[in-house]
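Notes follow the structure.
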Amino acid sequence: YALGDPNRIDRVEAKFGIFTQKALDRLGPPGTPATETTFRRAGHQKAPVAGEAWKTRLSITAETEAVAPARPTKERSDYQVTYSYQAEQTVTLSGCAYRMIPVEATFVGDTAHFTRRWDFFPELGLGVETRYTDHRSGIDTRLDLTALRAPQ
């Protein structure tokens, strides 16, 4: 994400493009403290299968760097998460037809309640996030996928 922007780093490692394992975020010029986040789920994360659901517990640990004399900070949060794998569809992107399974996950924790949505392409083994809804603030962000192409 944010490729080529020297004032922003948003690196995400995610199994199948859906189950985030690690993330590194920095918003600001080089030297601005970055946050590294680790995600751990109970159970096994398998590729989405249309019509199935998976409930798990998610533990998140976020460590933020600090500029001296401040000290780094560490925060933990836990969520109950329900992943819902919806009916398979055929979509056309960049003139090509792809099988796609919409995946929706609802995260409920002590301080947050939100839903994320991905389009998962079984042949590619890849999911791309397309929506984020924060149920407490009412903010709904759409990240529509309009094209798909192989890297050059």
Side-chain angles (χ1 to χ4, degrees), residues 1-5 7-28 33-65 73-152:
Y1 300 109
L3 293 174
D5 183 346
N7 294 318
R8 181 168 185 181
I9 295 175
D10 188 4
R11 286 193 192 119
V12 177
E13 293 177 28
K15 189 171 186 178
F16 304 112
I18 297 169
F19 308 108
T20 305
Q21 310 293 304
K22 286 187 178 185
L24 178 67
D25 300 297
R26 178 183 48 80
L27 184 56
T35 300
E36 185 169 16
T37 308
T38 305
F39 301 75
R40 288 188 170 58
R41 288 167 190 78
H44 177 70
Q45 302 128 39
K46 66 177 192 160
V49 175
E52 292 187 0
W54 181 50
K55 292 183 180 186
T56 186
R57 183 165 185 79
L58 172 67
S59 294
I60 299 174
T61 304
E63 294 185 51
T64 302
E65 301 170 331
T73 60
K74 190 174 193 175
E75 296 179 23
R76 291 188 55 112
S77 52
D78 294 303
Y79 298 92
Q80 292 293 330
V81 186
T82 302
Y83 291 87
S84 171
Y85 309 129
Q86 299 168 9
E88 185 177 298
Q89 305 170 14
T90 299
V91 298
T92 301
L93 294 167
S94 301
C96 297
Y98 295 92
R99 290 177 33 228
M100 187 271 290
I101 299 171
V103 175
E104 194 167 281
T106 301
F107 298 73
V108 179
D110 291 337
T111 60
H113 178 200
F114 57 93
T115 300
R116 295 176 73 184
R117 186 178 174 96
W118 298 264
D119 289 348
F120 177 72
F121 300 92
E123 287 93 356
L124 303 175
L126 172 69
V128 178
E129 187 172 6
T130 57
R131 190 169 190 178
Y132 173 86
T133 305
D134 186 320
H135 299 290
R136 292 191 177 178
S137 71
I139 294 173
D140 187 25
T141 305
R142 292 179 182 264
L143 310 162
D144 293 330
L145 180 61
T146 59
L148 190 63
R149 67 178 172 90
Q152 303 275 336

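Numbers here simply count residues along the sequence, with the first being 1. Small disclaimer: the values here were computed from a predicted structure and weren't measured.
Here the CE atom belonging to M100 is positioned 12.0 Å from the CD atom belonging to E123, to the nearest 0.5 angstrom. The distance from the OG1 atom of T133 to the CD atom of E104 is 7.5 Å, given to the nearest 0.5 Å. Rounded to the nearest 0.5 angstrom, R117 CZ and T130 OG1 are separated by 6.0 Å. Going from atom CD of E52 over to atom CD1 of I101 covers 9.0 Å, rounded to the nearest 0.5 Å.
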Tabulate below the donor-acceptor pairs under 3.5 Å that side-chain atoms of residues 16-28 make, not counting sequence neighbours, or state none.
{"unit_1": "Q21", "atom_1": "NE2", "unit_2": "F19", "atom_2": "O", "d": "2.7"}
{"unit_1": "Q21", "atom_1": "NE2", "unit_2": "Q45", "atom_2": "OE1", "d": "3.0"}
{"unit_1": "R26", "atom_1": "NH1", "unit_2": "P6", "atom_2": "O", "d": "3.4"}
{"unit_1": "R26", "atom_1": "NH1", "unit_2": "G28", "atom_2": "O", "d": "2.3"}
{"unit_1": "R26", "atom_1": "NH1", "unit_2": "P29", "atom_2": "O", "d": "3.4"}
{"unit_1": "R26", "atom_1": "NH2", "unit_2": "P6", "atom_2": "O", "d": "3.4"}

Would you give me the side-chain donor-acceptor pairs under 3.5 Å for residues 105-114, sequence neighbours excluded?
{"unit_1": "T106", "atom_1": "OG1", "unit_2": "T115", "atom_2": "OG1", "d": "3.4"}

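L143 meets the side chain to side chain contact (heavy atoms under 4.5 Å, CB included) test with E129, T141; sequence neighbours excluded. For S137, the side chain to side chain contact (heavy atoms under 4.5 Å, CB included) partners at least two apart in sequence or on another chain are D134, I139. Partners of E36 according to the salt bridge (charged side-chain N to carboxylate O under 4.0 Å, His left out) rule, which considers only residues two or more places apart in sequence or in another chain, do not exist here. Residues forming a side chain to side chain donor-acceptor pair (under 3.5 Å) with Y83 (at least two apart in sequence, or on another chain): R41. In this view, E63 satisfies the side chain to side chain donor-acceptor pair (under 3.5 Å) rule with no residue, not counting sequence neighbours. For S77, the side chain to side chain contact (heavy atoms under 4.5 Å, CB included) test picks out I60, Y79, with sequence neighbours left out. In this structure T35 satisfies the side chain to side chain donor-acceptor pair (under 3.5 Å) test together with T64, sequence neighbours excluded. In this structure, the side chain to side chain donor-acceptor pair (under 3.5 Å) partners of S59, at least two apart in sequence or on a different chain, are D78.
Closest heavy-atom contact between F120 and G125: CE1-C, 3.7 Å. A pairwise comparison of heavy atoms in P102 and A87 identifies CD-O, 3.3 Å as the closest pair. The two residues Y132 and R116 have their closest heavy-atom pair at CD1-CG, 3.7 Å.
One N or O on the side chain of E65 and one on the backbone of A34 form a donor-acceptor pair closer than 3.5 Å.
Each salt bridge (Lys or Arg N to Asp or Glu O under 4.0 Å) pair with one or both residues in residues 86-98, not counting sequence neighbours, appears once here: E88-R99. Residue pairs meeting the ring-ring contact (aromatic ring centres under 6.0 Å, His included) criterion with at least one member in residues 86-106, sequence neighbours excluded, are Y98-F121.
Within 6.0 Å of CZ on R57 lie more than 12 heavy atoms contributed by other residues, nucleotides or ligands.
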